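As structure tokens, the structure follows; a few thoughts come after it.
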Amino acid sequence: MRPELQRPRGTQDILPPESGRMEKMRRTAIDTAQAYGYQLVETPVFEQTPVFLRVGESTDIVQHERYSFTDVGGVDLTLRPEGTAAIARAYVENGLYNKPQPVRMCYYGPMFRREKPQALRYRQHTQFGAEIYGSVEPEADAEIILLACSVVEKVGLHSPVVRLNSIGCSECRPRYRESLIAYYEGRRSDLCEDCQIRLQTNPLRLLDCKIDVGIRSLAPDIKDYWCEDCRRHYGRLAELLSEAGREVVRDPYLVRGLDYYTRTVFEIGHPSLGDQTALFGGGRYDGLATTLDGPAATPAVGFGMGIERMLSAADKDFGLDRTLSVYVAHLPGYNTQAFIISEGLRQGQIAAEADLMDRSLKAQLRDASRRSHYVVIVGGQEWAEGSAAVKDLRRNEQKTVPVDELLDYFRRRD
RNA sequence: GUGGAUGUAGCUCAGUUGGUUAGAGCACCAGGUUGUGGCCCUGGGGGUCGGGGGUUCAAGUCCCCUCAUUCACCCCA
């Protein structure tokens with residue numbers, strides 16, 4: 001196929017049965033969120049570019065990986081690279097801060113990042129996420145993390161170890177930042193090229209560099225700089241999670257790449273995906289809504305979860321359960337009767353299909369055995385008596401059922 | 001964005017130092033069985049050898065470019 005007629009780089013066609021697994025995943029995620037009191041919010045897949053720029057000036061996914069275009073009239077638009085900024089915008093724009101707090105929301109849909117693709121790193125991928133607005137308390141952080149863990153378990157993965165950290169608040173982070181810069185400044189010549197730049201732009205990112213691990217092992221730990229509130233917040237969160245039976249480990253190097261976070265950050269990966277790919281991640285961002293012209297104090301916590309990665313790590317048979325399905329086969333000359341019977345079953349909410357290619361009975365049965373549990377054979381002796389043969393293909397049992405009782409017969413088996 | 005590997009049928013892959021109409025297994029379709037799937041036998045359909053250009057009497061095979069995938073970085077879901 002000519003290159004210009006192929007799908008764009010880093011995107012994918014999702015065909016059955018994978019599309020079915022996707023759909024099951026979507027339902028599982030949203031149902032679980034609803035059980036926690038989170039309701040679905042749908043926002044556009046594109047926003048005005050400033051919505052993202054406000055939120056992440058030194059964030060890679062907004063700075064270098066943007067899919068942007070100019071609309072007629074000169075409006076600058078960007079395909080959303082993540083869900084949090086859009087939800088914050090919607091929260092502010094729709095005045096949800098006037099609703100009873102906290103406001104619990106979840107979202108599900110495609111995200112776009114113009115990066116170099118790799119396995120499980122796509123230019124269009126699907127994210128599920130949840131956000132809770134209005135509570136400054138660590139209970140909110142805990143609920144969000146428990147929800148994410150719960151979805152992971154519902155997919156058949158055993159409970160993940162949550163990597164947790166706090167990057168402090170506007171009061172204590174500047175002090176930490178200073179001593180971090182001072183520490184790295186003294187070792188400047190030993191740093192890799194990227195870290196030389198990070199030192200200027202985003203010093204916290206120095207901590208998750210994989211090259212200069214030796215240098216960072218002696219770097220100051222933010223934990224020693226937490227203010228009283230931050231210390232209490234982290235301690236209570238860790239306590240709540242372990243009380244709830246979740247395994248938590250503090251990762252002093254976890255800082256995350258989006259720079260709207262305050263205090264809590266967390267991330268979990270999965271062994272089957274390798275260390276480079278996170279299953280879900282998130283944190284607290286108390287200043288985000290304000291940045292988007294929302295009320296002064298609008299606390300929020302949330303996470304984003306990679307659906308393709310979840311499915312890759314999930315049980316192979318997750319989402320593959322078949323519904324009861326009936327194949328209505330016909331003997332030569334009974335095409336019409338079979339066609340009508342299949343429609344009658346469908347109208348009665350039984351998944352059914354008939355042969356549409358005038359195939360031999362042998363071919364119909366072969367096809368039926370691949371896609372159905374039951375086959376109805378229309379025609380011949382049974383038809384003359386007002387009945388049809390019904391065969392259970394897995395048990396290899398066959399019986400005669402009156403035509404007008406077929407629907408009841410299959411309903412009883414549902 | 002940087003560096004490496006790989007692209008032959010729907011899938012997994014063979015294809016000798018360039019040499020007739022490019023093969024296998026699985027999958028698909030038909031027949032053997034005029035009313036019964038799976039097993040077996042026989043036959044069949046399906047390929048611009050990722051795309052473009054070049055070298056050559058001759059290119060799947062050699063060279064260049066390009067596209068895509070993939071791995072390590074970068075970063076994240």
Side-chain angles (χ1 to χ4, degrees), chain A residues 1-12 15 29 56 58-65 80-84 108-129 148 152 192-195 197-198 202 205 208-211 254-258 265 267-270 273-282 303-313 327 329-334 357 359-384 388-398:
Chain A
M1 186 183 267
R2 293 197 309 236
E4 66 268 31
L5 296 180
Q6 292 169 7
R7 69 171 183 270
R9 184 174 203 196
T11 63
Q12 40 178 356
L15 308 174
S58 60
T59 299
D60 281 283
I61 62 172
V62 280
Q63 216 174 1
H64 322 292
E65 302 179 3
R80 63 179 181 199
E82 51 103 31
T84 297
Y108 187 103
M111 305 296 165
F112 306 86
R113 296 177 189 182
R114 207 204 157 287
E115 61 186 343
K116 192 163 175 179
Q118 247 174 76
L120 295 175
R121 326 183 58 162
Y122 306 109
R123 289 185 171 188
Q124 177 179 339
H125 75 279
T126 312
Q127 246 183 76
F128 164 72
V152 170
C192 70
E193 256 178 68
D194 289 328
C195 284
I197 299 164
R198 285 188 189 110
N202 199 347
R205 300 314 300 276
D208 59 13
C209 176
K210 290 182 192 69
I211 301 169
L254 178 62
V255 292
R256 294 187 57 78
L258 295 114
V265 289
E267 196 171 295
I268 84 123
H270 192 269
L273 301 179
D275 274 352
Q276 308 304 323
T277 48
L279 261 190
F280 71 78
F303 71 86
M305 176 180 281
I307 294 301
E308 288 81 1
R309 292 176 182 183
M310 288 283 285
L311 282 169
S312 162
Y327 192 104
H330 62 81
L331 294 167
Y334 289 86
M357 302 200 297
R359 283 190 283 202
S360 68
L361 183 60
K362 172 178 175 162
Q364 293 178 73
L365 287 168
R366 188 173 52 226
D367 200 23
S369 67
R370 282 194 287 251
R371 43 208 298 163
S372 309
H373 294 163
Y374 293 91
V375 61
V376 173
I377 302 167
V378 177
Q381 184 64 38
E382 292 90 337
W383 186 262
V390 174
K391 185 170 186 176
D392 181 330
L393 289 162
R394 288 174 303 179
R395 293 191 190 142
N396 202 17
E397 292 167 359
Q398 185 166 328

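Note that the structure is predicted; figures quoted are calculated from it, not measured.
- Here, B:C63 and B:G7 have their P atoms 13 Å apart, quoted to the whole Å.
- Between the side chain of A:E382 and the base of B:G35, a donor-acceptor pair under 3.5 Å is found.
- Summarising the geometry, atom OH belonging to A:Y327 is positioned 15.5 Å from atom NE2 belonging to A:H373; distances are rounded to the nearest 0.5 Å.
- When distances run from any side-chain atom of A:L331 to the nucleotides B:G37, B:G35, B:A77, the shortest one goes to B:G35.
- As rounded to the nearest Å, B:U17 and B:A77 have P atoms that lie 50 Å from one another.
- Counting any heavy atom pair closer than 4.0 Å across all strands shown, A:G10 reaches sugar-phosphate atoms only and no base atom.
- If you take atom P in B:G60 and the same atom in B:A9, they sit 14 Å apart, rounded to whole Å.
- Under the Watson-Crick or G-U wobble criterion, with both distances below 3.5 Å, B:U20 has no partner in any strand shown.
- Rounded to an integer number of Å, the gap from CD of A:Q364 to C1' of B:C29 is 15 Å.
- Under the Watson-Crick and G-U wobble criteria, each requiring two contacts below 3.5 Å, nucleotide B:G31 is paired to B:C41.
- To the nearest 0.5 Å, the span separating CE on A:M111 from NE2 on A:H125 amounts to 6.5 Å.
- When heavy atoms are screened at a 4.0 angstrom cut-off, A:Q381 is found touching base atoms of the nucleic acid.
- Straight-line distance from the CG atom of A:L279 to the P atom of B:A77: 12 Å, rounded to whole Å.
- Looking at A:K391, its side chain comes within 3.5 Å of the base of B:G37 through a donor and an acceptor atom.
- If you take CD of A:E65 and P of B:G1, they are 11 Å apart, rounded to a whole angstrom.
- Under the 4.5 Å side-chain criterion, counting only non-hydrogen atoms from C-beta, A:V152 is in contact with A:M310.
- Distances shorter than 4.0 Å separate some side-chain N or O of A:R366 from OP1 or OP2 on B:C29.
- Here A:A329 lies out of heavy-atom contact (under 4.0 Å) with every strand.
- Taking CZ of A:F280 as the reference point, atom CD of A:E267 lies at 9.5 Å (rounded to 0.5 Å).
- Straight-line distance between the P atoms of B:G10 and B:G46: roughly 12 Å, to the nearest whole Å.
- Contact annotation: side chain of A:D367 to base of B:G37, donor-acceptor pair absent below 3.5 Å.
- For the C1' atoms, the distance from B:U61 to B:U55 is 14 Å, rounded to whole Å.
- In this structure, the side chains of A:R366 and A:R359 stay at 4.5 Å or more apart for every pair of heavy atoms.
- Residue A:R121 places none of its side-chain N or O atoms closer than 4.0 Å to OP1 or OP2 of B:A77.
- Put simply, CG on A:L365 is 16 Å from C1' on B:C39, counting in whole angstrom units.
- A:R370 has a side-chain polar atom (N or O) that falls below the 4.0 Å cut-off from OP1 or OP2 of B:C28.
- With a 3.5 Å ceiling on both atom-pair distances, B:U48 lacks any Watson-Crick or G-U wobble partner.
- Taking CZ of A:R7 as the start and CD of A:Q124 as the end, the distance is 11.5 Å to the nearest 0.5 Å.
- Within 4.0 Å of A:L120, counting heavy atoms only, lies at least one base atom of the nucleic acid.
- Both A:D194 and A:R114 lie near RNA chain B, and the one whose nearest nucleotide falls closer to the 5' end is A:R114.
- Remark: A:Q364 CD to A:M357 CE distance equals 9.5 Å, nearest 0.5 Å.
- In this entry B:G1 has B:C73 as its Watson-Crick or G-U wobble partner, both defining distances falling under 3.5 Å.
- Aromatic stacking is marked for A:H125 over B:A77, as both cut-offs hold: 5.5 Å for the centres and 30° for the planes.
- Atom P of nucleotide B:G52 and atom CD of A:Q6 are separated by 12 Å, given to the nearest angstrom.
- Residue A:A119 is classed as a sugar-phosphate contact, given heavy-atom separations below 4.0 Å to backbone atoms only.
- Put simply, the side chain of A:K116 and the base of B:G3 share a donor and an acceptor less than 3.5 Å apart.
- Between A:Y108 and A:F128, the ring-plane angle classifies as tilted under the 30° and 60° cut-offs.
- Separation of the C1' atoms belonging to B:G15 and B:G53 is 25 Å when rounded to the nearest angstrom.
- Between the side chain of A:Q398 and the base of B:U36 there is at least one donor-acceptor pair of N/O atoms closer than 3.5 Å.
- Within the 4.0 angstrom heavy-atom criterion, base atoms lie near A:Y122.
- Comparing the P positions of B:U69 and B:G31 gives a spacing of 42 Å, expressed to the nearest Å.
- Counting non-hydrogen atoms under 4.0 angstrom, A:G380 reaches a base of the nucleic acid.
- Checking B:C29, B:C67, B:U69 against every side-chain atom of A:R359, the shortest atom distance belongs to B:C29.
- Considering only side-chain N and O atoms, A:Q118 lies under 4.0 angstrom from the phosphate OP1 or OP2 of B:A72.
- Using a 4.0 Å heavy-atom distance criterion, A:R113 is classed as a base contact.
- Spacing between atom CZ of A:R9 and atom P of B:U66 amounts to 13 Å, rounded to whole angstrom units.
- With a 3.5 Å ceiling on both atom-pair distances, the Watson-Crick or G-U wobble partner of B:C26 is B:G10.
- With a cut-off of 3.5 Å on both Watson-Crick or G-U wobble distances, the partner of B:U55 is given as none.
- Judged by distance alone, with hydrogens and angles left aside, A:E115 brings a side-chain donor or acceptor within reach of the base of B:A77, the pair sitting under 3.5 Å.
- Taking atom P on both B:G25 and B:C62, the two are 27 Å apart, rounded to the nearest angstrom.
- Of the two residues near RNA chain B, A:M305 and A:T11, the one whose nearest nucleotide lies more 5' is A:T11.
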For a side-chain contact (heavy atoms from CB on, under 4.5 Å) check, start with the C-alpha distance between A:R121 and A:K116, then their side-chain angles and the critical distance, and finish with the verdict. CA-CA 8 Å; A:R121 326 183 58 162; A:K116 192 163 175 179; over 6 Å; no
